[in-house]
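Data block below; observations after.
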2 protein chains.
Amino acid sequence: MNRPSAKLTKQGIRAVAARAGVSTASVSRALNNPDAVSPSLRARIAQAIEAVGYIPHAPARILSSRRSRTLGAIVPTIDNTMFARGIASLQKYLSSVGYMLFLTTSGYDLDVELQQARNLIGRGVDGLVLRGDCHHEGLRKLLADNAVPFINVGIYQPDRPYPCVGTNNEAAAHRAAGHVIELGHRRIGIVSALQRNNDRAGARVAGFRRALAENGLELPPEWHVEVPYTLDDAREAARHLLNLKNRPTAVVCGNDVIAYGVLLEAERSGFSVPRDLSVVGFDDLDWSRHLRPSLTTIHVPTDETWQRAGEYLVRSLAGEQTIMHREIDFSLVVRESTAPPPAILK
Amino acid sequence: MNRPSAKLTKQGIRAVAARAGVSTASVSRALNNPDAVSPSLRARIAQAIEAVGYIPHAPARILSSRRSRTLGAIVPTIDNTMFARGIASLQKYLSSVGYMLFLTTSGYDLDVELQQARNLIGRGVDGLVLRGDCHHEGLRKLLADNAVPFINVGIYQPDRPYPCVGTNNEAAAHRAAGHVIELGHRRIGIVSALQRNNDRAGARVAGFRRALAENGLELPPEWHVEVPYTLDDAREAARHLLNLKNRPTAVVCGNDVIAYGVLLEAERSGFSVPRDLSVVGFDDLDWSRHLRPSLTTIHVPTDETWQRAGEYLVRSLAGEQTIMHREIDFSLVVRESTAPPPAILK
DNA sequence: GCGCATTCTGTAAACGGTTACATCCTAAGC
DNA sequence: GCTTAGGATGTAACCGTTTACAGAATGCGC
């Protein structure tokens, strides 16, 4: 490291300063707070920056200023349209306000999530975007100890003392189940996503169960299946339900991918949707309206949700007061995959 | 946090050193090169780290060591299954070797890509993963000036003096077209992705055209449609082709999403696939085998491709000699969506 | 022409690590 | 027993910025 003081100002802000004949402080000011330097200097500095091809060194900047204008996000997986869209939306918003995003994935593993959080904090992020409120017990302490603001996204829990933004999954699932109940169904099954480490999936199951209970309907254990996030698993679950002697006339699904699997399997098994079976999805992915039959589902404004999450943190960091719990409205989109049950089974 | 007894050692590595009664150098060594310190010291330091809740400050580390163990990646969009999977694979590999990934998106805009590259370089990334070889003319100079190694992923160009890893898109498209030609089709259309700023799409069109030319087949301009990456656009393109008085008997698509749109529209318009129309996709997404009819397509090993890209950079950075141009094999997967043309049109 | 309030700039001390080099210790070689 | 090689540890200079603080320049009223 010890270098004989041969040639100073080799690169960086000092090279720019030397070239423009000013101090490093002025260059820094011209960059971070242009109004603080005279127009003439600003021009000279801008030209020097151009000439030298200067790129500010973010780590040095972060080290010195203790702010990174970077947010971290930890999602279970990027290979899921809902998260991919959400991240894209968040990233777009952040770059529009001069922030960057550091993205990591946890694979639905709470220990990994905690480790990633530590990682991101060490990276100097100004705030953290988390998926849901199902975290490692040490995570909140970690965030508090390091004074890192955060927000839970994709859920709505107004009773918690920390921020969140998202739709009320319980209410949405309740609405989805209510839809088929209103159509006259009494025998309703559910194919949910894995509830383990996924409070979103859990809330949906809860809302579904509440709707059934409120209408005095039973849910035999064999009518509730949990599956991972693949078409194959969803099809297998559908096969299970359709082969039951005592099969449901409607199936509410934990998300659209699962619903798609159920549609495919129903068709393959010779059942006609919605004549023999009604299917409801959840998320309203792009292609859900293109399916045949098109899918009745719950529309969730993903883009808005994630952008709001970014807004919350950016505003908080700017010292503004903002809404801590923001609910994003869902809506039921009725399409072709649901209809009244066959009269004979009513 | 700590007492107002404003002395030294407020936090960071100095606090750990003080607590363990050693120098900061030893703590740093214990962290970066454990073998260099005695086991007893190592244990004392580990305990102190735990007690203080120390998290190494990455920016300071990067600043000081001039290495970040972080790679940057710039993709057009994250909201595309192929990229999402690739990024996930890359990220998984990198974390397995102690690296992190800084991900940004360019939205198919070369200027934005250049800006993102500048951004990432300023961030201190050790290397850069880029999509394809269609970049801003200033990008390579930027990378060279800053001595940042990079690799183009998703294409195969052994004649270039810089590294790449991917499938030969031209050859793959040639194979796809060859398949329907072998089936007896003579009237073949193509629905490609937008070629602008997308050399992958361009190479596929080129391979398709070569196959036609080699077989003495014509490609009327109206049989070649370019569409953005949405189902709606693909359906519209299909509508266009199917409504032609002089319509093709087979359609080769730039990717599976487009093929899916074509299938949907064909069905909606009363054409039966593959009886009236053969359809070939490209990418072999998860659900392509589930479609009805299941989709004949080109299988591309995305996961392997992106992992190899990471391997190349990590190895290069470690000083190892590695293969500069790596070809990833594609394969034609024949399913239900292709068949010989109707006899009458042969 | 002078004092004073305002800008505008420059100086230099952090920020939290790494690492070249110096120093200290221990144990083996003679 | 004395040297010395070599490993373990400490010291302190640096990495490239930001930002108090101080100093210089400018404009203004009198």
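Chain naming here is simple, since letters A, B, ... match the order of the sequence lines and numbering starts at 1 in each. The figures here come from the full heavy-atom set of this structure, side chains too, leaving out hydrogens, waters and symmetry mates. Being a predicted model, the structure only gives us computed values, none of them experimental.
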Looking at A:Ser65, does any N or O in its side chain come under 4.0 Å of the phosphate oxygens OP1/OP2 on D:dT17? no
CD1 of B:Ile49 versus P of C:dG17: gap in Å, rounded? 10 Å
Nearest-nucleotide 5' precedence on DNA chain D, A:Arg67 against B:Thr24: B:Thr24
How would you list all residue pairs meeting side-chain hydrogen bond (donor to acceptor under 3.5 Å, both in side chains) that involve residues 51-63 of chain B, not counting sequence neighbours? B:Asn32-B:Arg61
Grab the CD1-P distance between B:Ile13 and C:dC15 for me, whole Å please. 15 Å
Separation of C:dG17 P from A:His57 NE2 (nearest whole Å): 16 Å
Options D:dC15, C:dG10, D:dT9, nucleotide nearest the side-chain atoms of B:Val37: D:dT9
Between C:dT19, D:dG16, C:dG16, spot the one nearest the side chain of A:Arg66, thanks. C:dG16
For side chain to side chain contact (heavy atoms under 4.5 Å, CB included), just list the numbers for B:Ile13 and B:Ser28, CA-CA rounded to whole Å, side-chain angles, deciding distance to a tenth of an Å, and then say yes or no. CA-CA 8 Å; B:Ile13 203 176; B:Ser28 177; 3.9 Å; yes
Considering only distance and modelled atom types, tabulate donor-acceptor pairs under 3.5 Å from the side chains of residues 312-320 of chain B, sequence neighbours left out.
unit_1	atom_1	unit_2	atom_2	d
B:Ser316	OG	B:Tyr312	O	2.8

Under 4.0 Å: is that the gap between some side-chain N or O of A:Ser28 and OP1 or OP2 of D:dT18? yes
Integer-rounded Å distance: D:dG7 P and B:Leu41 CG: 17 Å
Interatomic distance, A:Arg29 CZ vs D:dC21 P [rounded to whole Å]: 14 Å
Gap between atoms CG and C1', on B:Asn33 and C:dG17 respectively (whole Å): 16 Å
Name the nucleic acid region contacted by B:Leu31, choosing base, sugar-phosphate or nothing; use a 4.0 angstrom heavy-atom cut-off, strictly under. nothing
Check whether any side-chain N or O of A:Ser38 sits under 4.0 Å from OP1 or OP2 of C:dT7, and answer yes or no. no
Rounded to whole Å, CD1 of A:Ile55 lies from C1' of D:dT17 at a distance of 15 Å
For a 4.5 angstrom cut-off between non-hydrogen side-chain atoms, does B:Trp306 reach B:Val129? yes
Counting only side-chain N and O atoms of B:Arg61, is one of them less than 4.0 Å from OP1 or OP2 of C:dT18? yes
Answer with base, sugar-phosphate or nothing: what part of the nucleic acid does B:Val22 contact at a heavy-atom distance below 4.0 Å? sugar-phosphate
Once hydrogens and angles are ignored, does a donor-acceptor distance under 3.5 Å link the base of C:dG17 to the side chain of B:Arg14? yes
Give one of base, sugar-phosphate or nothing for A:Ile62, where a contact means two heavy atoms less than 4.0 Å apart. nothing
What integer distance in Å separates A:Asn32:CG from D:dG16:P? 17 Å
Are any of the side-chain heavy atoms of B:Leu71 and B:Leu94 separated by less than 4.5 Å? yes
Reckon A:Ser64 has a side-chain N or O less than 4.0 Å from the OP1 or OP2 of D:dT17? no
Look at the rings of A:Tyr162 and A:Phe150 and say which category their plane angle falls in: under 30° parallel, 30 to 60° tilted, over 60° perpendicular. tilted
Output yes when at least one side-chain N/O atom of A:Ser26 is less than 4.0 Å from OP1 or OP2 of C:dT9, else no. no
